[in-house]
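Quick caveat, the model's predicted, so the values are computed rather than measured. The first residue of the sequence shown is numbered 1, and numbering continues consecutively from there. Indexing begins at 1, ligand by ligand and atom by atom, following the structure's order.
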Amino acid sequence: MSRPKNQSYKGHGLSKGKEREQRASIRFKTTLMNTVMDVLHNRPGWVEVKDEGEWDFYWCDVSCLRENFDHTYMDDHVRISHFRNHYELTRKNYMVKNLKRFRRQLEREAGKPEAAKCDFFPKTFEMPSEYHLFVEEFRKHPGITWIMKPVARSQGKGIFLFRRLKDITDWRQGTASKKFASLEAQPAHAATTTVNPSGSQDTRSSDDQKDELPVENYVAQRYIENPYLIGGRKFDLRVYVLVMSYLPLRAWLYRDGFARFSNTRFTLSSIDDQYVHLTNVAVQKMSPDYHPKKGCKWMLQHFRQYLASKHGPQVVEALFSDMDNIFIKSLQSVQKVIISDKHCFELYGYDILIDQDLKPWLLEVNASPSLTASSQEDYELKTCLLEDTLHVVDMEARLTGKEKRVGGFDLMWNDGPVSREEGAPDLPGMGNFVTNTHLGCVNDRKNQLQQLFRSLQSQKKASS
Ligand SMILES: Nc1ncnc2c1ncn2[C@@H]1O[C@H](COP(=O)(O)OP(=O)(O)O)[C@@H](O)[C@H]1O
Ligand SMILES: [Mg+2]
């Protein structure tokens, strides 16, 4: 975004020389019609801009990114709600590719124990390009369950479970199934495996590539067969992480989130029943057992309390600290790949599954977590989450930049771990370093915001 201002670009923001504080109003634009729109409309001093008008803040969906980045000059203060190549983290195949590469890098630079801290994603293969590697792995563990997921879809669409190779050869007619069938006929070790310059393996022959029609990419992933169950039901967690910058990495963790439950008792005997295995709200809502009043969510606070009463606080601390590790390592795995543009921020929705050993697994990271509310409680959570996101993004330029907490957000990483103690150095390893994360803890955001803005105002008065 360092290109000079040019007549052919739509200009956004104020002309040079005007300070952020001097803006009387913030002009926003959005493509979303849900809680985002409500929160933006209700924010004091913010005004909506329609169509081609100039804007300072744009909450857009990922599909509108290209146009904005390619044809827009942006002033320093302008902000947009995604990183340009967010998909490096938010597409299922790229996320795994980046995590595998990061794990190899850690092993080289810091040894095996450090690399093992990345072992939080189920074994995953990209399809069809890693089909042969997958088959080798498949044959090593006969009888286990696998899950096939399209790399770029969401809400459980296109997902299915399988235990036989035949199930995936049947899965797609046309090019994909022909490719799978012909590859099947060869022994796995005879596949032409080439290593491309980026280091990833490509098992396709050049003829395959030449004749290839576009095939939707999938990942084949080991299915977690022993999910932690509550009331006999499977669930996964949705956690919100706000990244303000990748270089240096600066990330905030939201205190609230929720567990999304299946309405049907868990069993491995019916792998075709999506209501048992997929915990997406979009799936569960269609289930015959769904009660619109009851919904299928538990707030994270409730979940954390439940676990603490069952297993004790130490076990819960360990689980939540393992989750912190997932957030940080996954962000670090793309730190050098994502284009760190100061105009961008991103509110990610992490999907985490916990197994019966209380190990958390990363299933995926969403660039556009659903911000549509499914109940009053959900509406409140999402509205507060968005308000606090805007406080951290700080278009109004009220913060000092030294805050460790803003509403429900705690600063989790600031080019290194952040200490919970006020005034303590943000470097681990000395004394009792406790990280500044409070996932699933009390979220007294209103009080905190009042105090924060009061003290910012008095600081401002004192300095003027
Ligand atoms: N490896 C896995 N093991 C167990 N359950 C899984 C696994 N991957 C996905 N699921 C279930 O399927 C749901 C959808 O998978 P996800 O990867 O989040 O894709 P989507 O983009 O469709 O939401 C998850 O919320 C979870 O309930
Ligand atoms: Mg998901």
Side-chain angles (χ1 to χ4, degrees), residues 61-62 86-87 89-97 99 119-127 134 137-138 141 144-163 168 216-230 232-241 257-287 290 296-298 300 303 323 326 330 347-372 374:
D61 49 41
V62 289
H86 64 88
Y87 49 79
L89 183 63
T90 58
R91 210 167 279 170
K92 295 173 179 72
N93 52 340
Y94 291 152
M95 179 189 87
V96 169
K97 179 196 75 180
L99 278 167
D119 291 341
F120 50 70
F121 55 100
K123 202 153 239 169
T124 307
F125 297 90
E126 185 166 353
M127 304 291 243
F134 164 71
E137 185 67 23
F138 181 92
H141 308 277
I144 69 163
T145 313
W146 292 83
I147 185 166
M148 277 290 263
K149 311 195 273 190
V151 297
R153 281 202 260 174
S154 60
Q155 302 188 320
K157 286 183 200 127
I159 296 183
F160 63 94
L161 276 61
F162 67 97
R163 291 194 184 121
I168 47 172
E216 185 175 12
N217 283 348
Y218 271 66
V219 289
Q221 185 170 77
R222 200 165 167 160
Y223 187 69
I224 307 295
E225 290 181 330
N226 62 337
Y228 190 95
L229 303 178
I230 296 180
R233 283 155 177 83
K234 175 178 172 174
F235 62 90
D236 70 351
L237 306 182
R238 166 54 56 86
V239 180
Y240 298 99
V241 172
F258 45 85
R260 299 175 297 192
F261 281 84
S262 150
N263 289 287
T264 316
R265 291 184 79 80
F266 185 74
T267 167
L268 278 171
S269 54
S270 58
I271 62 168
D272 294 331
D273 188 343
Q274 57 171 351
Y275 301 130
V276 174
H277 298 284
L278 311 188
T279 52
N280 304 75
V281 177
V283 171
Q284 294 299 326
K285 265 188 169 168
M286 308 312 284
S287 149
Y290 181 74
C296 51
K297 289 182 180 172
W298 256 24
L300 269 187
F303 171 69
M323 284 199 261
I326 292 183
S330 57
L347 179 65
Y348 295 109
Y350 274 72
D351 287 355
I352 307 270
L353 186 82
I354 294 165
D355 72 16
Q356 282 167 13
D357 303 320
L358 287 174
K359 176 182 164 73
W361 294 91
L362 174 61
L363 298 184
E364 66 156 345
V365 184
N366 292 278
S368 304
S370 164
L371 294 166
T372 306
S374 59

- Task: Hey, can you tell me if Phe266 and Tyr223 have their rings parallel, tilted or perpendicular (30° and 60° cut-offs)?
- Result: parallel
- Task: Determine, for Tyr87 and Arg91, whether the Lys NZ or Arg CZ falls below 6.0 Å from the six-membered ring centre while staying within 45 degrees of the axis.
- Result: yes
- Query: Of all residues at least two apart in sequence or in a different chain, which pass the salt bridge (charged side-chain N to carboxylate O under 4.0 Å, His left out) check with Lys297?
  - Reply: Asp378
- Could you tally the protein N/O/S atoms lying less than 2.8 Å away from the Mg ion (ligand 2)? 2
- Kindly assign one of parallel, tilted or perpendicular to the pair Phe160 and Phe162, based on the angle between their ring planes and the thresholds 30° and 60°. tilted
- Query: With hydrogens left out, which residues have an atom under 4.0 Å from ligand 1, given that only heavy atoms count?
  - Reply: Lys92, Pro122, Ile147, Lys149, Arg153, Ser154, Gln155, Gly156, Ile159, Gln221, Arg222, Tyr223, Ile224, Lys234, Asp236, Arg260, His277, Leu278, Thr279, Asn280, Asp351, Leu353, Leu363, Glu364
- Message: My understanding is that only residues two or more places apart in sequence, or in another chain, count here; which of them pass salt bridge (charged side-chain N to carboxylate O under 4.0 Å, His left out) with Asp61?
- Response: none
- Pair Lys97 + Glu126, salt bridge at N-O below 4.0 Å: no
- Between Gln221 and Lys123, do the side chains contain an N or O donor and an N or O acceptor separated by less than 3.5 Å? no
- Query: Which class fits the ring pair Phe235 and Phe261: parallel under 30°, tilted 30 to 60°, perpendicular over 60°?
  - Reply: tilted
- Task: Answer with yes or no after comparing the ring centroid distance for Phe303 and Phe258 against a 6.0 Å cut-off, counting only values under it.
- Result: no
